[in-house]
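Everything on this sheet refers to the single structure shown next.
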Amino acid sequence: MFKISTSKDAIQTSSGSSFINASGIYDVTIKFASIDVSSGGAKSINFNVDYNGNSQTIYGPYIYDKAENPLEIGLKLVNSLAIIAGLRDGDQPTMEVETHNVGKDNKPQDFNVITEFTDLPIKLRIQMEYDKYNNEITEKKVIKAFFSAEGASAAEIIAQENGESVTIGKDLEKQSKYKDNITYKSGLTEADVSSWKASRSNNKSAAPAPKPVANKTAGSLFK
């Protein structure tokens, strides 16, 4: 017969993970956000966040391709975060080179940092994406949306400032319907990914460190 247990494992209601490793909406603090320039010249934005007292890097979207053409999806995401951070029409994010200790060795590295995003508490919607590269399964955490710590979207913030009638948190509620979604590419299935996770469960490595600043300057974020 089933016996009641009051052990910590038995009564715990969630995984209690100290790292973001599944699709969902998370309360995090952005410790710093940095612009990375690839070897080919494309620009992306990465986020070093604090979640449950632990530092983790979320590799964000590309915002300019190697020809300096703007990438709408990525820039739209960054624009929404900028509004949440307090920037408004015509403002330019401030970028400075800063040194941060990162990685399991806690070594100092230089980064092109957007200062307005530093120490910013937010809600972050992540969707896991699985694909194949060189016949190996890859895992990616895709940023789908940003919200303020109070749950307001950029659109709700601006609507409220403009005196419009708005329900703060409505956009977050809509996004919550999709918070458990997972993207499978290259013909992968849930079973494929589950098997892959099981095979590597005994070989877990530490969360990767954010990418340091490249030799190329990041330049202006919005043009």
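In what follows, every heavy atom counts, from backbone to side chain, and hydrogens, waters and symmetry copies are set aside. Since the model is a prediction, treat every value here as computed from it, not as a measurement.
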- Task: Evaluate the criterion side-chain contact (heavy atoms from CB on, under 4.5 Å) for residue pair I58 and V49; output intermediate values, then yes/no.
- Result: CA-CA 7 Å; I58 304 295; V49 304; 4.3 Å; yes
Salt-bridge present ([X], [Y]; N to O < 4.0 Å):
{"X": "D36", "Y": "K43", "answer": "no"}
{"X": "K123", "Y": "D27", "answer": "yes"}
{"X": "R88", "Y": "E161", "answer": "yes"}
{"X": "E129", "Y": "K185", "answer": "yes"}

I want to check something: taking the side chain as every heavy atom from C-beta on, are [X] and [Y] in contact at a cut-off of under 4.5 Å?
{"X": "L71", "Y": "I63", "value": "no"}
{"X": "V102", "Y": "N106", "value": "no"}
{"X": "L75", "Y": "Y64", "value": "yes"}
{"X": "I25", "Y": "L124", "value": "no"}
{"X": "T115", "Y": "M95", "value": "no"}
{"X": "M128", "Y": "K141", "value": "yes"}
{"X": "F117", "Y": "I45", "value": "yes"}

- Set of salt bridge (charged side-chain N to carboxylate O under 4.0 Å, His left out) partners for E98, sequence neighbours left out: none
- Message: Apply side-chain contact (heavy atoms from CB on, under 4.5 Å) to residues Q56 and I20 and explain how you reach the verdict.
- Response: CA-CA 8 Å; Q56 182 174 1; I20 296 171; 3.6 Å; yes
- Query: I168 and Q160: side-chain contact (heavy atoms from CB on, under 4.5 Å), yes or no, with the steps?
  - Reply: CA-CA 9 Å; I168 297 297; Q160 188 175 65; 3.9 Å; yes
- Task: Could you check T94, L81, L87, I35 and say which one makes a side chain to side chain contact (heavy atoms under 4.5 Å, CB included) with I114?
- Result: I35
- So if you build clusters from Ile, Leu, Val, Met, Phe, Trp, Tyr with side-chain heavy-atom gaps below 4.5 Å, do V78 and I84 land together? yes
- Task: Determine whether F146 and I83 fall in the same hydrophobic cluster, where Ile, Leu, Val, Met, Phe, Trp and Tyr are linked whenever their side-chain heavy atoms lie under 4.5 Å apart.
- Result: yes
- Item | From CA spacing to verdict: ring-ring contact (aromatic ring centres under 6.0 Å, His included), Y26, F19 | CA-CA 10 Å; Y26 297 89; F19 293 97; over 10 Å; no
Between [X] and [Y] (side chain of the first, backbone of the second, donor and acceptor by atom type, cut-off under 3.5 Å), is there such a pair?
{"X": "N162", "Y": "E164", "value": "no"}
{"X": "E156", "Y": "D171", "value": "yes"}
{"X": "T167", "Y": "K170", "value": "no"}
{"X": "N79", "Y": "K76", "value": "no"}
{"X": "S194", "Y": "E190", "value": "yes"}
{"X": "S38", "Y": "G40", "value": "yes"}

- Show the numbers, then the answer: is there a side-chain contact (heavy atoms from CB on, under 4.5 Å) between I143 and I126? CA-CA 5 Å; I143 298 174; I126 291 291; 3.9 Å; yes
Distance (rounded to the nearest 0.5 Å) between [X] [atom1] and [Y] [atom2]:
{"X": "S80", "Y": "F147", "atom1": "OG", "atom2": "CZ", "result": "8.5 Å"}
{"X": "S34", "Y": "N46", "atom1": "OG", "atom2": "CG", "result": "5.0 Å"}
{"X": "Q127", "Y": "T183", "atom1": "CD", "atom2": "OG1", "result": "4.0 Å"}
{"X": "N52", "Y": "S18", "atom1": "CG", "atom2": "OG", "result": "5.5 Å"}
{"X": "S153", "Y": "Q175", "atom1": "OG", "atom2": "CD", "result": "9.0 Å"}
{"X": "Y178", "Y": "K144", "atom1": "OH", "atom2": "NZ", "result": "11.5 Å"}

- Query: So which residues get pulled into V142's cluster when ILVMFWY side chains under 4.5 Å apart are joined, directly or through others?
  - Reply: none
- Let me see the working for D110 and T99 under side chain to side chain donor-acceptor pair (under 3.5 Å), right down to the final yes or no. CA-CA 4 Å; D110 290 338; T99 302; 2.6 Å; yes
- Apply the test ring-ring contact (aromatic ring centres under 6.0 Å, His included) to residues F32 and F111: give CA-CA distance (whole Å), side-chain angles for both, the deciding distance (0.1 Å), then the verdict. CA-CA 9 Å; F32 68 91; F111 298 89; 5.1 Å; yes
Does any donor atom in the side chain of [X] or [Y] lie under 3.5 Å from an acceptor atom in the other side chain?
{"X": "D131", "Y": "T138", "result": "no"}
{"X": "T29", "Y": "D50", "result": "no"}
{"X": "E139", "Y": "Y130", "result": "yes"}

